[in-house]
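One structure is given here, and the rest of the page talks about it.
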Amino acid sequence: MSDFQQFNLIAALQQAIQDEGYELPTPIQQQTLPVALEGQDVLGCAQTGTGKTAAFVLPILNDLADNGFKTVANRPLALILAPTRELAIQIGDSCDAYGRHVDVSHVLVYGGVGQGRQVQAVEEGVHILIATPGRLMDLMSQEHIYLNRLQIFVLDEADRMLDMGFLPDLKRIIKSLPVRRQSMFFSATMPDSIMNLAERLLYQPVMVKVDAEHTNVDLIDQRVIFAEYRQKKPLLSQLLKAGDVGQAIVFTRTKRGADYVAEYLRRDDIEAVAIHGNKSQNARQQALDKFRADKVQVLVATDLAARGIDVEGITHIINFELPVEPEVYVHRIGRTGRAGANGIAITFCSPDEAIRLQKIERLIGFKLLEDGRTPEPLPESETETGSDDDGSRPSSRNRRRRRKGGPRTSPSKSDVGGNARNDGGGKSRKKSKGKGRRGRRGPPTAGDAPQKTP
Ligand code: AMP
């Protein structure tokens with residue numbers, strides 16, 4: 001008997017959890033599942049990698065399958081809002097995985113692709129809509145989506161949504177929600193702006209919280225290498241070729257920086273792709289698919305683009321540059337050490353980044369260990385320090401030097417496998433069984449109650 005038996009989940013979901021191989025609920029699941037399954041509102045402080053997706057997807061699937069709600073064209077019963085397409089796709093994958101034995105459908109709705117298939121899928125009727133705010137607003141204003149039947153609303157990664165400027169869209173979406181609903185709100189950080197938004201949305205919420213420091217971060221071996229800025233790229237190559245690195249995400253502070261670093265690595269025969277906000281949605285997805293399928297060893301990413309990426313088996317996180325906000329460091333390294341696995345995070349710190357390192361160390365509560373590796377000393381003509389305008393562009397002198405080419409020692413990784421992705425228009429539907437839901441709050445309002453069809 002798995003430890004998930006303590007929760008009031010229907011057998012089909014218990015089976016899916018067993019299929020996934022989960023034995024113990026993660027702390028966020030332990031705290032969220034009992035209250036969410038009772039229909040209460042949840043205010044969750046947790047970052048990606050803690051298992052929070054299952055914490056909100058399982059109660060939604062349980063409610064919809066258990067009550068046997070029928071779908072109605074254009075009127076979803078649950079809405080999960082995510083800041084990025086990548087995160088939306090991952091949530092869709094979780095709905096597929098946890099919902100494999102129930103008859104609950106979901107549709108993904110996000111920008112950057114044509115809306116035709118998404119509109120068609122919504123018109124056919126869907127239980128769960130997983131959406132990014134911009135495209136959802138578009139489809140609502142075109143009267144393809146109405147939220148008046150909504151039973152459950154989830155806002156995921158709320159802090160990132162505000163960072164991305166979605167607040168006006170969020171306010172409008174929240175206004176369109178029926179009064180009688182269950183809401184769950186997740187955010188990695190809880191600044192005042194987030195608490196204000198949560199107050200608008202939630203009714204007597206139960207607060208659930210997992211401190212980043214006490215979850216996966218403790219499992220991650222965190223080290224720092226002090227290096228002059230110009231030593232960082234050769235150092236990175238050396239590290240990636242060392243043999244103990246499986247797949248790695250390298251974080252840069254800027255989009256241009258991500259491109260430069262990926263280009264440098266490719267020239268040094270290391271398979272690398274860059275992912276950042278200047279790339280089209282398709283290019284980002286392709287890069288991510290390649291990385292997920294292990295066709296490339298290294299993903300070079302900016303923080304925003306990497307948000308929500310959940311790829312199993314990342315052995316190393318490398319901070320090519322330190323983030324300005326110390327909390328971002330914790331998000332970054334959370335990409336490895338997922339769900340109990342161990343991972344390694346290595347931070348390159350140049351002299352001008354020392355203050356940032358101090359802030360990070362204050363946040364995580366300990367000093368990063370120095371890695372045994374030391375960078376090659378720079379030739380005298382190269383000893384100037386610091387980065388340039390965007391913190392990433394190599395000097396023209398360096399660019400010339402590199403084009404001449406150094407030794408090419410490392411064999412490239414072979415192309416393996418493929419990776420089929422959900423295309424954003426497809427609908428997924430599974431089988432169900434059911435009994436009644438409890439704990440729904442608030443008075444019913446005209447027109448917002450779904451037809452109950454057990
Ligand atoms: P999330 O924070 O939702 O992105 O989940 C991070 C990773 O943890 C995903 O790969 C999940 O499949 C995995 N996961 C979620 N819950 C559990 C669990 N109870 N036991 C083991 N792995 C889990």
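Read the numbers this way: they start at 1 and go in the same order the structure lists the ligands and their atoms. Just so it is clear, the model here is predicted, and its values are computed rather than measured.
Side-chain atoms of I80 and I60, non-hydrogen and from C-beta on, do get closer than 4.5 Å to each other.
With distances taken over non-hydrogen atoms, the option nearest atom 14 (N) of ligand 1 out of Y22, F186, Y98 is Y22.
Here F56 has no heavy atoms under 4.0 Å from ligand 1, in either its backbone or its side chain. At a 4.0 Å heavy-atom cut-off, ligand 1 does not touch Q90 at all.
Atoms of ligand 1 lying under 4.0 Å from any heavy atom of G51, numbered from 1 in the order shown and given with element: 1 (P), 2 (O), 3 (O), 5 (O), 15 (C). Proximity to T53 (heavy-atom distance under 4.0 Å) selects the following atoms of ligand 1: 1 (P), 3 (O), 4 (O).
Between E353 and R253 no salt bridge is recorded (no basic side-chain N to carboxylate O distance below 4.0 Å).
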Checklist entry - Could you walk me through whether D156 and K52 pass the salt bridge (Lys or Arg N to Asp or Glu O under 4.0 Å) check? => result CA-CA 9 Å; D156 196 16; K52 72 175 157 61; 2.9 Å; yes

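In terms of polar-atom proximity, defined here as any N/O pair under 3.5 Å, L24 does make such a contact with ligand 1. At under 3.5 Å, not a single nitrogen or oxygen of E20, backbone or side chain, sits near a nitrogen or oxygen of ligand 1. Checked by distance only, ligand 1 and P25 stay at 3.5 Å or farther apart across all their nitrogen or oxygen atoms.
Residues S176 and R172 come closest through the heavy atom pair OG-O, 3.0 Å.
In this structure, D192 places its CG atom where only 12 or fewer heavy-atom neighbours from other residues, nucleotides or ligands lie under 6.0 Å away.
Screening L108, I130, D96 for a side chain to side chain contact (heavy atoms under 4.5 Å, CB included) with I91, the sole residue that qualifies is I130.
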